[in-house]
Amino acid sequence: MKSFSAPIPKPPFRRLRGYAFDPSISTQLETMGINEIVYKAPWEDGLQPGPVGEYVEVVDYDPPSGCFYAPVDLSNPHLIAQDGLAPSVGNPQFHQQMVYAVAMTTIRNFEQALGRRVMWRSHSVESSYGDKTEEFVQRLRIYPHALREANAFYNPKKKALLFGYFTATPGQPGAHLAGGTVFSCLSHDIIAHETTHAILDGFQRRFIENTGPDALAFHEAFSDIVALFQHFSFPEVLKHQIARTRGDLGAPNMLGQLAQEFGVAIGNYGALRDAIGKVNPQSGAWEPLKPNPAEFLRVTEPHARGAILVAAVFDAFIAIYKSRIADLLRIATGGTGVLPNGAIHPDLVNRLALEASRAAQHVLMMCIRALDYCPPVAMTFGDYLRALITADMDLVPYDDRGYRVAMIEAFRKRGIYPDDVRNLAMESLCWPSAPKEESGFFERISREMRYVANRRKMFYDRESTYNEMLRYRIRLENYITSNRADLGRFAQLTGLALDPQNLPEGLQPCSDGRHIFEVGAVYPAQRVGPDGNLLNQMVVTISQYRKVRLDPADAKSPLIPFRGGCTLILDLDTLRLQYRVVKPVTDEVRLQKQREYMLESVQGGLRAAYFAPFKDKTLSQPFALLHRGA
Amino acid sequence: MRPNEEERFNPAAKPAEMAARAQVRVRMYCQGLGDCFLLTFPRQGGQRAEFHVLIDCGVISGTQNARNLTHAVVQHIHETTQGHLDLVVATHEHWDHVSGFNQARDLFNSFKIDRIWLGWTEDPKDSWNIVKDRAAKLEALRQATERMSPQAALDKAVRTQQNSIREVLSFFGDSLALDAGEPGRRTTRDAVNYLSGRSGSEVTYCYPSKPPLGLDGVEDVRVYVFGPPENVDLLRMNDPTRAGKTYELAANSGEDSFYAALSPAGLDTRYSRIKDLTYPFEEMYRIQEERTREARDAKFFETYYNFEGKAANSWRRIDADWLDVTSELALNLDSDTNNTSLVLAFELGKPGSGKVLLFAADAQVGNWLSWKDLSWKLPGAQSSAAITAHQLLERTVLYKVGHHGSHNATLSELGLDLMNRDDLVAMIPVDQAKAEDKGWEEMPFGPLLEVLREKTKGRILRIDDPGKPARPELMRLSEAQWDEFVGKLGIAEAAIEGETGLKKLYVEYTIPFDGN
């Protein structure tokens, strides 16, 4: 009999050591014990030196120093056996490892939440004839030591993350850092934040256009939410903090304070968490900030607005955490809610840390999943709340832990309300579907999509997926336009303006001038809910745009873009349109609001005075300007 | 060229009249967008009847016909003062305050200048070496701007940025932004060095912590030094809206690394000395660009970065991205320099009760904020009470508005809010058309102008007023009061080479020490 050796299963993860907190923060975090955690990056066969893999390529070129640093080979068996290089501030190869580990962790969280592979934004190439083609970008490029400044940003043109570093030199008046170099590439939060920007950009949506106070704010706030909750999803990070806390274990203070401390290192990242709380100058203790709904109406500056969103989601997380540990507290205190003197039992610490990390992971998943349920343009925070609720209702029919209630309550307390919603009941917040009789058109589209989604190519090779989806976008555009009979009803349900006899003023052609709308993206989404329910869906975004005068009464007023569109969620099993998220381009009320917002955007100061005609650069480097606090 | 003067209103008070009634004449010259003020005080002792103070002499770079305009103005100053300036003040190292000392150098050489006052930040004994640092930073920024050229050739946005940075740096007399017809290439440093190195002139470096200064032979006038602040945190505080001190300090610490990257090693500058410290890793890890071919991982660099030729992924290179922050740093340098402004308050009459003239140069937030802690005891004063800067602000009757009326050079709370006298007059050395040409849309800043109008009840003098200031629509003053104000003004026009028609040469305002 022939002998048979069982195949060795592929590991699901590559374990890589990294820092839990930025090692250059010289605060009490240093006394928190071990600053090392093990990141679990999805396993990649044949990972090349760099590291260069399926999703990212780390190229360690340092222009201000005029040199390179040798690429690390994480496939070296010695490194695999030791969970990678030991954390070291002075070894550039460790920095490459850390950046890779955190970026891949972030990517994995997105893939898990969205049920599909992460794609980067395509690269626009202009041919000599002047027409543009979109090229697939396989890997996000990461430069761990690209700049000499206290900053890091995503460059959308280059599909690259650039991290900065700087050395605080002694003897400098006003220097508050204790000497040594600060590397933004060693901060988990910064890496996760920037990777999120890149992933969002890959959605091919117009998140960045400054059409309203929520637009710019959302991108930043969302990236910070991902960084924050991903960080909290490591129980080790929380254990020490929990063990240190005496008294009211259910208090949100310690987690809120921790959230802020992570962000304080390089200033900007701390600013977005300011709305969570601050140290009371009299008592010296950290306290959460009381939510003030009136504030949300008043504040328009992107950072401040974003901070409110971050604080709202954080509030929801705390509520969820509290509900999860309620029984543990009862058990531990015998119902009194007060712990006996002395150190907290280590088992209890572990359990609490575990619950907090689980709650964080769930909130993270909720927040990412909601992206698919957002309108393709001009999103507001209210829209995002609706997306959160709808997405969660879809995946988790029985919300016994009250996650959705926690979210709604947190947003309500901060004054974030969606437009056009009667009340904050879950049914009202959920995006509408389409009546059964109307589903014919969508049934046909869904059937086409199902055929496409079932092909194995889709989920195997990202580049083929990309090309397939690109082809499909064009097919869908043609299909919609050629279906004259159903067009009217389709237009009504989706809010698109498709009747050639009755187009709104200033509507522009898209897609090489052949259509008056553009199918922005088509993606499959296959997820499994906690109750074992399977979701097999397709997300389609369609948008249109108009060019209108900033001031309708003034013929010489500049032209501004006004966008509209819809997101459609199709269920490929029942062939029905499940949800439609509609932002009509004919909505004059929204247009008026946008006009007001743009007129009000007064920029003062030296920067505007010198760099006002600077609009091109603003569009290609929006994150840089945001981060530099202009 | 002798200007052809035509004095349309009350002629400037003659010297005899000046001594008879104690009054000071403040003359704002109108060479363009820039400061040039001649103050004339009555003198009791000595041979001459008047004491002349020149505060700054400059016009913004890129002004058309700057040389002739400046010459006309300086020539006129020569005539008024008979070639003898008792005191010259240079408030800070910016082109629109000191260009005249370069452009009209030949004329200035013919003056006798008794004293020169500069801010303490100019003192070569200053241990913080602010001036040296500034020069090193400026050089580094100029280099950085030039390094952007290859990228600028390909990318229009980068080209625009490069030009904007050059504009900012032109405040230092950037050699790349030459004024047409200017002989040689001179910088603001040259101008200030000319003054501080002038033989026959005594240089004083002014400190707010020192007692107030006097003017030789002029009784009843004290000059208090408000700025530059002697507190380094305030010196670096430029923008009231900057979020969070932490960010600013971290960012400031980071600047050193950037500057060091641009400075060659081996020079005697701070950045050169610390250059080695700013490398993030030990030498053994660094693979120099030129030596990538020999490195073990040569193929990796070749594939992913490829220094020669066009690689498929060359659009992902980041050779000049790190220079992006140059714009931010150039603005910081500009603001920092503004903040080192020498701010002077001239107190007329008896100490503690007299009128005050405030010349705030281009002081920004930190400078203004530092005033709240300032106080001086007068030597041999009867009362032991001290005079504070805020008290002086409350008695201000003439305010020379900072930075041509931009938003960040006049503090409201703890600043303008304290100036509440009925007879307050503001002088703004602004030319709005010229500012708009340069792309500065809010100069003077609308809301600031509103507040000034209210406080001065319309008594605002600007360089770009066509002649007599226009009577404000909402009259808070009676006709008689307005006429009285106008009666104290003097305006002169002249024909200047290169200009068409008659151009306003100056507007002056005479303030009696006592009464109205």
Side-chain angles (χ1 to χ4, degrees), chain A residues 49-50 57 59 61-71 90-92 123 141 143 145-151 155 158-160 162 165-169 172-177 181 183 264 266-268 270-271 303 604-607 609-614 616-617 620-621 624 628-629, chain B residues 128 156-157 160-161 164 167-168 232-233 236 239 241-244 246-247 249-254 256-258 261 274 277-282 285-289 292 295-297 300-301 304-305 315-316 318-319 321-322 324-325 327-328 331 334-335 406-408 439-443 445:
Chain A
E57 53 192 31
V59 178
Y61 174 44
D62 182 351
S65 304
C67 62
F68 277 99
Y69 308 107
N91 180 355
H123 172 55
R141 183 166 281 210
Y143 290 103
H145 308 105
L147 319 159
R148 281 200 183 182
E149 46 175 303
N151 220 332
N155 182 320
K158 303 186 185 180
K159 329 294 167 209
L162 281 75
Y165 68 88
F166 64 95
T167 310
T169 44
Q172 182 182 351
H176 281 220
L177 294 155
T181 311
F183 291 101
V264 144
I266 300 185
N268 273 315
H303 275 116
L606 271 180
R607 171 159 275 278
Y610 281 105
F611 299 102
F614 215 4
D616 288 351
K617 190 79 177 176
S620 74
Q621 291 281 50
R628 289 198 182 109
Chain B
W128 289 340
K156 186 174 137 203
T160 314
Q161 187 187 28
S164 299
E167 275 281 321
V168 176
V232 70
D233 287 336
R236 297 228 62 177
D239 190 334
T241 57
R242 206 42 113 102
T246 323
Y247 176 65
L249 289 171
N252 288 343
S253 316
D256 273 0
S257 302
F258 179 83
I274 62 172
L277 285 174
T278 61
Y279 283 114
F281 302 108
E282 298 291 331
Y285 291 111
R286 309 201 285 255
I287 303 171
Q288 298 300 327
E289 277 179 51
T292 47
R296 207 178 43 166
D297 303 287
F300 177 83
F301 302 131
Y304 294 101
Y305 214 80
W315 56 277
R316 303 183 97 167
I318 53 160
D319 305 317
D321 284 60
W322 68 285
D324 271 0
V325 76
S327 26
E328 191 79 12
L331 287 176
D334 196 49
S335 293
S406 77
H407 88 305
N408 57 356
W440 302 330
E441 280 142 25
E442 291 250 41
M443 194 175 269
F445 187 53

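Letters A, B, ... are given to chains in the order of the sequence lines, protein chains preceding strands, and every chain is numbered from 1. Since the structure is predicted, the reported quantities are computational estimates derived from the model, not experimental observations.
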Ring centroid separation for Phe183(A) and Phe281(B), is it under 6.0 angstrom?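 Yes, the ring of Phe183(A) comes within the 6.0 Å limit of the ring of Phe281(B), centre to centre.
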Return the option, out of Pro64(A), Pro63(A), Gly66(A), Gly50(A), with the maximum number of heavy-atom pairs under 4.5 Å with chain B.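 When all of Pro64(A), Pro63(A), Gly66(A), Gly50(A) are compared, Pro64(A) has the most.
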Side chains of [X] and [Y], heavy atoms from C-beta outward: is any pair under 4.5 Å?
{"X": "Phe68(A)", "Y": "Phe300(B)", "value": "no"}
{"X": "Cys67(A)", "Y": "Tyr285(B)", "value": "no"}
{"X": "Asp321(B)", "Y": "Asn155(A)", "value": "yes"}

Could you tell me the separation between the [atom1] atom of [X] and the [atom2] atom of [Y], rounded to the nearest 0.5 Å?
{"X": "Tyr61(A)", "Y": "Asp319(B)", "atom1": "OH", "atom2": "CG", "value": "5.0 Å"}
{"X": "Arg141(A)", "Y": "Ile318(B)", "atom1": "CZ", "atom2": "CD1", "value": "8.5 Å"}
{"X": "Lys159(A)", "Y": "Trp315(B)", "atom1": "NZ", "atom2": "CH2", "value": "6.0 Å"}
{"X": "Ile287(B)", "Y": "Asp62(A)", "atom1": "CD1", "atom2": "CG", "value": "11.5 Å"}

Is [X] close to chain B through its backbone or its side chain, or both, or neither, when contacts mean heavy atoms under 4.5 Å?
{"X": "Asn91(A)", "value": "both"}
{"X": "Tyr69(A)", "value": "both"}
{"X": "Pro49(A)", "value": "backbone"}

Smallest separation among heavy atoms of Ala146(A) and Trp322(B), with atom names: O-CB, 3.5 Å
Sort out for me which of Glu282(B), Arg286(B), Arg316(B) touches chain A most, counting heavy-atom pairs under 4.5 Å.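 Counting heavy-atom pairs under 4.5 Å, the top option is Arg316(B).
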